[in-house]
Amino acid sequence: MKLVVEHLKKSYDAKEVLRDIDFTFEEGLIYGLLGRNGAGKTTLFNCLNQDQMVQGGRFYLEEEGGAQEVKPEEIGYVLSTPTVPEFLTAREFLKFFMEINGQTVPAPESLDVYFDLIQIQAEDRDRLLKDYSHGMKNKMQMLVNLMAKPKILLLDEPLTSLDVVVAEEMKQLLKEQKQGRITIFSTHIMDLALDLCDVIVLLNHGELERVEKESLDQQAFREKILEALRENGE
């Protein structure tokens with residue numbers, strides 16, 4: 001399975017944000033979408049999620065049966081700021097999610113199995129979500145997206161504001177769950193992208209550029225990324 005993006009363009013009035021996005025994302029890999037703040041990472045995600053219309057180009061899934069239109073239920077989207085129903089307990093939230101999406105969740109497990117997956121302790125599972133920390137809310141947002149097992153998982157800087165322990169737990173979870181889907185992880189933190197992702201892609205001047213991982217441990221590689229990001233900020 002591949003997500004093929006062909007010459008995607010997006011502008012806001014006279015500002016051209018996505019100039020010519022032409023890239024192929026492959027199943028089973030975590031792609032680090034690296035770019036400065038304001039480079040257009042969230043805009044690209046909103047276009048792929050079909051929350052915003054594009055001015056040119058197209059994108060589609062390439063599977064064994066050929067090219068297929070990307071359906072809304074095939075995309076999971078995790079925001080940097082978690083959005084969960086704070087008037088529900090964590091267990092009520094998962095139960096409600098399963099009732100609404102049960103027919104589309106493949107091979108559903110018991111709720112406690114899902115809680116174990118993201119290391120939410122037993123004593124916290126019946127607490128109101130409004131009493132959860134930012135990191136715990138983020139875990140819950142991540143969990144419901146993983147439960148649905150989307151073909152494409154978009155992660156818009158979800159680990160930036162988490163403490164070290166929670167961030168490490170989330171990174172390990174993403175690595176364990178990457179098979180069978182295309183994962184695109186947006187961040188402006190280079191070390192985070194290098195630690196988590198299989199492929200690094202720079203969003204620079206409205207275009208995507210793959211940076212080969214063979215150079216990951218070389219100073220020249222880091223300098224290449226930094227120089228590209230500096231140019232994008234000019």
Side-chain angles (χ1 to χ4, degrees), residues 1-63 67-70 74-80 150-160 174 178 181-216 218-234:
M1 178 178 64
K2 299 178 181 178
L3 171 63
V4 181
V5 184
E6 296 180 342
H7 306 294
L8 204 67
K9 299 180 180 180
K10 176 65 179 179
S11 299
Y12 298 103
D13 297 325
K15 181 175 176 59
E16 190 177 46
V17 180
L18 306 179
R19 179 184 303 173
D20 185 16
I21 303 297
D22 195 62
F23 200 85
T24 297
F25 300 91
E26 298 186 18
E27 176 183 345
L29 299 175
I30 301 177
Y31 290 83
L33 179 61
L34 199 59
R36 293 175 66 114
N37 289 329
K41 302 186 298 295
T42 298
T43 296
L44 175 59
F45 279 3
N46 286 337
C47 290
L48 295 177
N49 196 42
Q50 302 173 49
D51 286 338
Q52 294 184 7
M53 299 292 293
V54 300
Q55 274 93 35
R58 65 171 187 154
F59 59 92
Y60 56 90
L61 279 173
E62 188 176 283
E63 302 183 90
Q68 307 287 338
E69 180 182 353
V70 179
E74 293 175 328
I75 297 183
Y77 193 177
V78 179
L79 306 173
S80 57
K151 294 180 178 180
I152 303 167
L153 182 60
L154 307 176
L155 305 167
D156 193 0
E157 306 213 30
L159 308 185
T160 303
L174 290 171
K178 69 179 183 179
R181 66 166 54 92
I182 297 162
T183 304
I184 310 175
F185 181 90
S186 161
T187 184
H188 63 278
I189 302 175
M190 181 167 58
D191 287 339
L192 179 56
L194 299 184
D195 183 45
L196 173 64
C197 303
D198 302 300
V199 179
I200 303 298
V201 184
L202 298 183
L203 180 53
N204 191 28
H205 296 299
E207 300 179 6
L208 286 183
E209 175 189 1
R210 177 172 177 153
V211 183
E212 296 302 328
K213 286 207 69 173
E214 288 75 15
S215 305
L216 275 183
Q218 301 176 14
Q219 184 61 28
F221 173 81
R222 292 175 176 269
E223 291 176 355
K224 175 181 174 63
I225 292 178
L226 289 173
E227 182 61 29
L229 298 181
R230 289 190 191 102
E231 290 175 358
N232 193 66
E234 291 178 355

Any idea which heavy atoms bring C197 and G32 closest together, and the distance?
-> SG-CA, 3.3 Å
F25: which of L33, I152, I182 passes side chain to side chain contact (heavy atoms under 4.5 Å, CB included) = I182
Side-chain heavy-atom pair I184, L44 within 4.5 angstrom cut-off = no
From CD (E27) to NZ (K151), nearest 0.5 Å = 9.5 Å
Between D198 and T183, is any pair of side-chain heavy atoms under 4.5 Å apart?
-> no
Using atom types as modelled and distance alone, determine if a side-chain donor or acceptor of E157 lies under 3.5 Å from a backbone N or O of T42.
-> no
Is the count of non-hydrogen atoms from other residues, nucleotides or ligands lying under 6.0 Å from K178 atom NZ greater than 12?
-> yes
So, K9 side chain and V54 main chain: donor-acceptor pair closer than 3.5 Å or not?
-> no
Locate the shortest heavy-atom distance separating H7 from D22; write the atom from each residue and the value.
-> N-OD1, 3.3 Å
Side-chain donor or acceptor of Q52 paired with backbone N/O of T43 under 3.5 Å | no
Verify the distance criterion only: is there a donor paired with an acceptor across the side chains of E26 and Y31 at less than 3.5 Å?
-> no
Taking the side chain as every heavy atom from C-beta outward, state whether L153 and L174 have any pair of such atoms under 4.5 Å apart.
-> yes
Roughly how far, to the nearest 0.5 Å, is the CD1 atom of I75 from the CG atom of L3?
-> 7.5 Å
Contact summary for I200 and A193, nearest pair of heavy atoms | CD1-O, 3.6 Å
About how many Å separate CG of L34 and CG of N204, when rounded to the nearest 0.5 Å?
-> 10.0 Å
Where F185 and I30 come nearest, the two heavy atoms and their spacing | CB-CG2, 4.2 Å
One should read off an interatomic distance between Q55 CD and Y12 OH, to the nearest 0.5 angstrom, of 8.5 Å
Considering all heavy atoms, the nearest L8-C47 contact | CD2-CB, 4.2 Å
So OG1 of T187 and CG of L196: to nearest 0.5 Å the spacing works out to 9.5 Å
Nearest heavy-atom neighbours spanning S186 and P158 | O-CD, 4.4 Å
What residue among E6, E69, K2 forms side-chain hydrogen bond (donor to acceptor under 3.5 Å, both in side chains) with Y60?
-> E6
Could K41 and F45 be counted as a cation-pi pair, given that NZ or CZ must be under 6.0 Å from the ring centre and within 45° of the axis?
-> no
When rounded to the nearest 0.5 angstrom, what is the spacing between CG in L18 and OG in S11?
-> 8.0 Å
Any side-chain heavy atom of V211 within less than 4.5 Å of one from L202?
-> yes
